[in-house]
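Being a predicted model, the structure only gives us computed values, none of them experimental.
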2 protein chains.
Amino acid sequence: MSREDQILDAAEALIVHYGYDKTRVSEIAAEAGVSKGAIYLHFQSKQALMDGLLVRAMERYGEAWLEAVEADPRGGTIGGMYRNVLKAVKNSPLIEAMMSQDPRVLGSYLHAPDGLLRRAQMRSMRAEFIAEMQAVGCVRDDVSPAVVAHVMDMLGYGLLGAGEMKPREQIPPMEKTLELIGELLDARLTPPEAQSDAGKAVLRRVMSEGQDMMRELARSPDEAEER
Amino acid sequence: MSREDQILDAAEALIVHYGYDKTRVSEIAAEAGVSKGAIYLHFQSKQALMDGLLVRAMERYGEAWLEAVEADPRGGTIGGMYRNVLKAVKNSPLIEAMMSQDPRVLGSYLHAPDGLLRRAQMRSMRAEFIAEMQAVGCVRDDVSPAVVAHVMDMLGYGLLGAGEMKPREQIPPMEKTLELIGELLDARLTPPEAQSDAGKAVLRRVMSEGQDMMRELARSPDEAEER
DNA sequence: TCGTGACCCAAAAAACGAAACTGGTCATAC
DNA sequence: GTATGACCAGTTTCGTTTTTTGGGTCACGA
């Protein structure tokens, strides 16, 4: 394992537990077994470290999701992709914090104008993705991609946030919830003749493009636009 | 219009605009055209006033929702009820703030251990409601009421919260979003032979019981349980 | 040449005392 | 008998000063 990955492992463990603001660079260094100066040989700043951490987390999440979808015979439908999100998010509290923009974890990083999170958020590819799924016959033509994309965002937001609004005993197992949501999506959106493999191909390509974009964003923070 | 309603109208206007914490009792009194002492003839405390305001808002919201569902020939299905939520929530920023637990509006009231909001939240009737809809043949039997209830809570949470996570231009019209959600729900959950009128009758009864319960909760704050 | 950790200094946090605020009360007036 | 608004007392806010913090740097040693 490279020293850079050791540093990112240490950063992830501390930031997930204490939050970005309460984690000092010196603590990350100590946890990684290197000096503070060594951190700055790899990362231009604390924020650049966090950017790199999120890129790595998103790559791993994307790979896990793709694997789960590939392994599922019906994974290539909208519902199938959603059903497999849990397998990807599982064991990734950083991804969860990123998706729900949890201030306890992300703290002031949330408001950094040139942080990766802020920059990546401005570009939504979800609606284009739905349009591509329609093009290969995996989503019915009689729905607006923008509306479908928004409903899926709502579900994602609700999946992460609603659990905090209710007593734990009222929340059913996450897998059962995702199963039902997958069924709801497929019952209305997926034509019976849809080819799961075609949907998987679309997801593979979109994920690959998304990761290229994320790396590019992380490399060029100075080109960030002000909101 | 009773003086109590005048006071509540004034309180609603100010609290929705400035938030609970930034609204003084003296300002509510001035807006209602009465003295501060008169406020305390009607309400035991500022918090009791807020409790009463929420009870009244929930009653009006429930009536509006019921009206919308009654007027819709397909309003008695799960999807139909959801589709008509907008008509009920429309023009009710206080209900919206209550459902999303908006700290800008509700402020310290959110954390009041004996506030109505906190007490009402502990009792969820949604799962029982779904079970009753199953009993009258308006929801398929092959789904768990608890899971359906949770998914609907997620959708509600996402409906209110997701809009704050995205640039406004990426959010489609609310009515189109609700229409699609209604379709998703009915496609999977509603049997083709479901009787819309039977569903409406269930909703009427549950809403009536819910309002009785809310009034009871507002009357007996001293019996609140600590969380 | 690279890694280190003492150091710098701008920013943040804490402490303090004074001033302002406001929920709730009740003596007084109508 | 009921409504009022001056008043009380606890809480909050504010401005200033002092102390602490920690991101980032770089002279030095291996």
Enquirer: Sugar-phosphate atoms are those with a prime plus P, OP1 and OP2; base atoms are the rest. Using that split, label each nucleotide of nucleotides 7-12 of chain C B, S or - for protein heavy atoms under 4.0 Å, 5' to 3'.
Expert: ------

Enquirer: For Asp114(A) and Gln47(A), which I'm curious about, is there any donor-acceptor pair between the side chains at under 3.5 Å?
Expert: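 A pair is found: one side chain offers a donor N or O, the other an acceptor, under 3.5 Å apart.
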
Enquirer: Can you give me the closest heavy-atom contact between Ala68(B) and Asn84(B), atom names plus distance?
Expert: O-OD1, 3.6 Å

Enquirer: I want to check a possible cation-pi pair here: Lys46(A) against Tyr20(A), using under 6.0 Å from ring centre and within 45° of the ring axis as the test.
Expert: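 Yes, a cation-pi geometry.
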
Enquirer: Between dT4(C) atom P and His42(A) atom NE2, what is the distance in whole Å?
Expert: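 These atoms are roughly 9 Å apart.
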
Enquirer: Taking atom P of dA3(D) as reference, at what distance in whole Å does atom CD of Gln6(B) sit?
Expert: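 Value for this atom pair: 13 Å.
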
Enquirer: From the options dA3(D), dT4(C), dT25(C), select the nucleotide whose nearest atom is closest to the side chain of Ser35(A).
Expert: dT4(C)

Enquirer: Give the intermediate values and the outcome of salt bridge (Lys or Arg N to Asp or Glu O under 4.0 Å) for residues Arg24(A) and Glu27(A).
Expert: CA-CA 5 Å; Arg24(A) 306 194 227 108; Glu27(A) 288 169 335; 3.7 Å; yes

Enquirer: Let me know, please, whether Val34(B) or Arg24(A) comes out on the 5' side of the other along DNA chain D by nearest nucleotide.
Expert: Val34(B)

Enquirer: Measure CG/Asp21(B) against C1'/dG23(C) and give the value in whole Å, please.
Expert: 13 Å

Enquirer: In whole angstrom, give the distance that lies between atom CZ of Phe43(A) and atom P of dG3(C).
Expert: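 So the two atoms are 14 Å apart, to the nearest Å.
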
Enquirer: Using 4.0 Å as the upper bound for N to carboxylate O, is an ion pair formed by Glu175(A) and Arg83(A)?
Expert: no

Enquirer: Could you check whether Arg3(A) pairs with Asp9(A) (Lys NZ or Arg NE/NH1/NH2 to Asp/Glu carboxylate O, under 4.0 Å)?
Expert: no

Enquirer: Looking only at the side chain of Tyr40(A) (C-beta and beyond, no hydrogens), which of the listed nucleotides dT4(C), dG24(D), dT25(C) gets closest?
Expert: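 Selected nucleotide: dG24(D).
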
Enquirer: Give the rounded distance in Å between these two atoms: CD of Glu4(B) and P of dA3(D).
Expert: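 Spelled out: CD on Glu4(B) to P on dA3(D) is 13 Å.
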
Enquirer: Atom CD of Glu27(B) and atom P of dC21(C): how far apart are they, to the nearest Å?
Expert: 12 Å

Enquirer: Just the rounded figure in Å: distance from P of dG22(D) to NZ of Lys46(A).
Expert: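 After rounding, the gap between these two atoms is 9 Å.
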
Enquirer: Ile28(A) has an atom CD1; how far is it from atom P of dG5(C), in whole Å?
Expert: 17 Å

Enquirer: Return the CE to CG distance between Met98(A) and Leu54(A), rounded to the nearest 0.5 Å.
Expert: 5.0 Å

